[in-house]
Amino acid sequence: MRLRRVLLDLVMPESNPTCWSCGASRAPTDAICPACGKVQPPPPAKGVVDKFGVLGFPRAYDLDERALEESFRTLSRKLHPDRFARATPRERRFSLEQTTILNDAYRTLRDPVKRAEHLLELRGVKVAGEERGAGAKMPEEFLEQAMEDREKLLEAKMEGGPEAVERLANGVRGKRQEAMDEIARILRAPGAAEADLQRTAQLLARLRYYARYLDEVEGRAAEM
């Protein structure tokens, strides 16, 4: 029970913060007080910042890209350091800190893979990976297939030429799309089960492998 409380504290910031200037209630991710317009301090560093909340969106895999862009530009203008040139040192610091958080949130939400990873992060689920403590281990069959894929790529580079390399790359691109489609299906479903979230974490780890593989392919293709 205590461990669950700690995890909740990490992903749930202060529930009822107030504006330091006027005392009005505000959302934890509000960069600007909705009552008086004063810039607010960033959320506590101990927790996971809800990047959807930063840009004013509900937590969801699907986002309106145009609305995301508009929200980002609007908040960027409000937080621009030039607007705080004559403000107090504390407000200037808040402006810079909130701008950093805003830019990071925008980079995350406009990328479907990073957005999916963040949705899992907000649920306390780590993406599987090779690093210690980075989440559940990848299935052995996938690791074996990954090793075989790299051996085939090396052989194609040595003997098959650009066309053989491109055929292998197309196969990995197909696997990448299949993984993205499954991730979207799981995260679009209301109330995804824990097993589904763990499956999503493994799929996201696979996408990292596919990205490295295709980077290697495209780097080699540029040299040919």
Rounded distance (nearest 0.5 Å) linking atom [atom1] of [X] with atom [atom2] of [Y]:
{"X": "R185", "Y": "T200", "atom1": "CZ", "atom2": "OG1", "answer": "8.5 Å"}
{"X": "L120", "Y": "L187", "atom1": "CG", "atom2": "CG", "answer": "6.0 Å"}
{"X": "L79", "Y": "Q40", "atom1": "CG", "atom2": "CD", "answer": "10.5 Å"}
{"X": "I183", "Y": "D196", "atom1": "CD1", "atom2": "CG", "answer": "12.5 Å"}
{"X": "E65", "Y": "L63", "atom1": "CD", "atom2": "CG", "answer": "8.5 Å"}

Heavy-atom closest contact ([X] atom, [Y] atom, distance):
{"X": "S25", "Y": "P34", "result": "O-CG, 4.4 Å"}
{"X": "R107", "Y": "K114", "result": "O-CD, 4.0 Å"}
{"X": "T29", "Y": "D50", "result": "CG2-O, 3.6 Å"}
{"X": "C22", "Y": "C19", "result": "N-SG, 3.4 Å"}
{"X": "A205", "Y": "V127", "result": "N-CG1, 3.8 Å"}
{"X": "A85", "Y": "R92", "result": "O-NH1, 3.9 Å"}

Legend entry - Of V39, D30, I32, N103, the residue whose pairing with Q98 passes side-chain contact (heavy atoms from CB on, under 4.5 Å): V39
Inset, instruction - Apply side chain to side chain contact (heavy atoms under 4.5 Å, CB included) to R188 and list each qualifying residue two or more places apart in sequence or on a separate chain. - result: Y61, D62, A184
Will you find, in the side chains of [X] and [Y], an N or O donor that is under 3.5 Å from an N or O acceptor?
{"X": "R167", "Y": "N170", "value": "no"}
{"X": "T88", "Y": "E91", "value": "yes"}
{"X": "Q198", "Y": "E194", "value": "yes"}
{"X": "K51", "Y": "T108", "value": "yes"}

Would you kindly confirm whether [X] and [Y] end up in one hydrophobic cluster when ILVMFWY residues are joined by side chain heavy atoms under 4.5 Å apart?
{"X": "F142", "Y": "L153", "answer": "yes"}
{"X": "I101", "Y": "L96", "answer": "no"}
{"X": "L214", "Y": "L168", "answer": "yes"}

Legend entry - Short side-chain to backbone donor-acceptor contact, T99 and S95, under 3.5 Å: yes
Inset, instruction - State whether the side chain of Y213 and the backbone N or O of V172 hold a donor-acceptor pair below 3.5 Å, judged by distance alone. - result: no
Inset, instruction - Write out all pairs satisfying ring pair (Phe, Tyr, Trp, His ring centres under 6.0 Å) with one or both partners inside residues 102-127, taking only residues at least two apart or from two chains. - result: F52-H118, F72-Y106
Inset, instruction - Check the pair E70 / R66 against salt bridge (charged side-chain N to carboxylate O under 4.0 Å, His left out), numbers first and verdict last. - result: CA-CA 6 Å; E70 291 177 355; R66 180 174 295 180; 5.3 Å; no
Inset, instruction - Could you please spell out the steps behind the side-chain contact (heavy atoms from CB on, under 4.5 Å) verdict for Y209 and R150? - result: CA-CA 11 Å; Y209 162 75; R150 286 193 171 277; 3.7 Å; yes
Legend entry - Within the 6.0 Å centroid threshold, strictly below: F84 and F94: no
Inset, instruction - Is it possible for you to check whether R26 lies under 6.0 Å from the centre of the six-membered ring of W20, through NZ or CZ, and within 45° of that ring's axis? - result: no
Please examine the side chains of [Y] and [X], heavy atoms only from C-beta on, and report whether any two atoms are closer than 4.5 Å.
{"X": "P28", "Y": "P17", "value": "yes"}
{"X": "D149", "Y": "Q145", "value": "yes"}
{"X": "R77", "Y": "R73", "value": "yes"}
{"X": "R110", "Y": "E69", "value": "no"}
{"X": "Q177", "Y": "E182", "value": "no"}
{"X": "R123", "Y": "R59", "value": "no"}
{"X": "M180", "Y": "L203", "value": "no"}

Inset, instruction - Begin with the C-alpha distance, continue with both residues' side-chain angles, and end with the deciding distance and a verdict on salt bridge (charged side-chain N to carboxylate O under 4.0 Å, His left out) for R173 and E178. - result: CA-CA 9 Å; R173 291 185 186 107; E178 289 175 2; over 6 Å; no
Inset, instruction - Can you establish whether the number of heavy atoms outside K78 located under 6.0 Å from its atom NZ is more than 12? - result: no
Inset, instruction - Please say whether more than 12 non-hydrogen atoms of neighbouring residues, nucleotides or ligands are located less than 6.0 Å from CD in E155. - result: no
